[in-house]
Amino acid sequence: MQPFHLTFTLSRRQRLGVELMPWLPAAAATVGFGVGAVYLANTVSVWFLLLLAGPLLAYPGLFRFAYEIAFCAGPPVELVVDESTLEVTAFGERRKLALGGIFQVYKSEGVWTVLHLEGAVLTIPVEAISDGQIGYLKSFARRAAAERA
């Protein structure tokens, strides 16, 4: 397989599917704390509304994430694949991964998801990658499955 280079952006929905999961505990805590503060403000004193600043101070990354999803376009993602490495550049951060670490490649809801042993999850829109290129990545997952068997 020839080395290939892809550049794509993820839609808001695709980004939510990937980036929301780590924020779910913080989002649940923020909603629960907010409901409690509003209840106390309604039944005891309006001063309890000041408690709503707590989640802003505890989870600034959650609110930054919500702002980026709502108002900012997704950053371009660059994917460079050669004979032995897969290099991903997103959010100004570059990460090199060994192709031998790919253990699963699957398609769902218009995206290909590539799982790597180092914990990386790559989401690639179906229209951004050819069948031959995704087949090349799948071959490493098949090899890993054959080695485990």
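The figures that follow rest on heavy atoms only: side chains count, while hydrogens, waters and symmetry mates do not.
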**Student:** Less than 4.5 Å apart, side chain to side chain, heavy atoms only: is that true for Val88 and Leu122?
**Tutor:** yes
**Student:** Given side chain to side chain contact (heavy atoms under 4.5 Å, CB included), test Met21 with Leu24 step by step and report yes or no.
**Tutor:** CA-CA 5 Å; Met21 193 62 71; Leu24 283 179; 3.5 Å; yes
**Student:** Shortest non-hydrogen contact from Ala29 to Tyr59?
**Tutor:** CB-OH, 3.8 Å
**Student:** Kindly say whether Ser11 contributes a backbone atom to a donor-acceptor pair with the side chain of Gln14 at under 3.5 angstrom?
**Tutor:** yes
**Student:** Take Thr85 and Leu99, measure what side chain to side chain contact (heavy atoms under 4.5 Å, CB included) needs, and give me the verdict at the end.
**Tutor:** CA-CA 5 Å; Thr85 61; Leu99 284 174; 5.7 Å; no
**Student:** Inspect the surroundings of CD in Glu93 and state if more than 12 heavy atoms from other residues, nucleotides or ligands are less than 6.0 Å away.
**Tutor:** no
**Student:** For a 4.5 angstrom cut-off between non-hydrogen side-chain atoms, does Val77 reach Thr89?
**Tutor:** no
**Student:** Is Arg143 close enough and on-axis enough to Phe140, meaning under 6.0 Å and within 45°, for cation-pi?
**Tutor:** yes
**Student:** Are the side chains of Trp112 and Ile129 in contact, using a 4.5 Å heavy-atom criterion?
**Tutor:** yes
**Student:** Is there a side-chain contact between Val114 and Ile124 (heavy atoms, below 4.5 Å)?
**Tutor:** yes
**Student:** Just wondering, more than 12 heavy atoms not from Arg94 lying within 6.0 Å of its CZ?
**Tutor:** no
**Student:** So, for Asp82 and Pro3, which heavy atoms are closest and what is the spacing to 0.1 Å?
**Tutor:** CA-CB, 3.9 Å
**Student:** Are the side chains of His5 and Glu78 in contact, using a 4.5 Å heavy-atom criterion?
**Tutor:** yes
**Student:** Would a distance-only check, ignoring hydrogens and angles, find a side-chain to backbone donor-acceptor pair under 3.5 Å from Gln133 to Ser130?
**Tutor:** yes
**Student:** State, with a plain yes or no, whether a side-chain heavy atom of Tyr39 is found less than 4.5 Å away from one of Val44.
**Tutor:** no
**Student:** With a 4.5 Å cut-off on side-chain heavy atoms, are Pro76 and Phe8 touching?
**Tutor:** no
**Student:** Can you name the nearest heavy-atom pair linking Val105 to Leu137, along with the distance?
**Tutor:** CG2-O, 4.0 Å
**Student:** Are there more than 12 heavy atoms of other residues, nucleotides or ligands under 6.0 Å from atom CZ of Phe71?
**Tutor:** no
**Student:** Which heavy atom in Lys96 sits nearest to a heavy atom in Glu118, and how many Å separate them?
**Tutor:** O-OE1, 4.5 Å
**Student:** Does CZ in Arg12 sit with more than 12 non-hydrogen atoms of other residues, nucleotides or ligands closer than 6.0 Å?
**Tutor:** yes
**Student:** Say you draw a straight line from NZ of Lys138 to CD1 of Ile102; how long is it, rounded to the nearest 0.5 Å?
**Tutor:** 12.0 Å
**Student:** Do you know which two heavy atoms are closest between Thr9 and Pro75, and how far apart they sit?
**Tutor:** CG2-O, 3.8 Å
**Student:** According to the interplanar angle, ranging from 0 to 90°, do the rings of Trp23 and Phe65 count as parallel (below 30°), tilted (30 to 60°) or perpendicular (above 60°)?
**Tutor:** parallel
**Student:** Suppose the criterion is side-chain hydrogen bond (donor to acceptor under 3.5 Å, both in side chains): which pairs have a residue in residues 99-108, not counting sequence neighbours?
**Tutor:** none
**Student:** On a heavy-atom basis, which atom in Phe48 and which in Ala41 lie closest, and how many Å separate them?
**Tutor:** CB-N, 3.7 Å
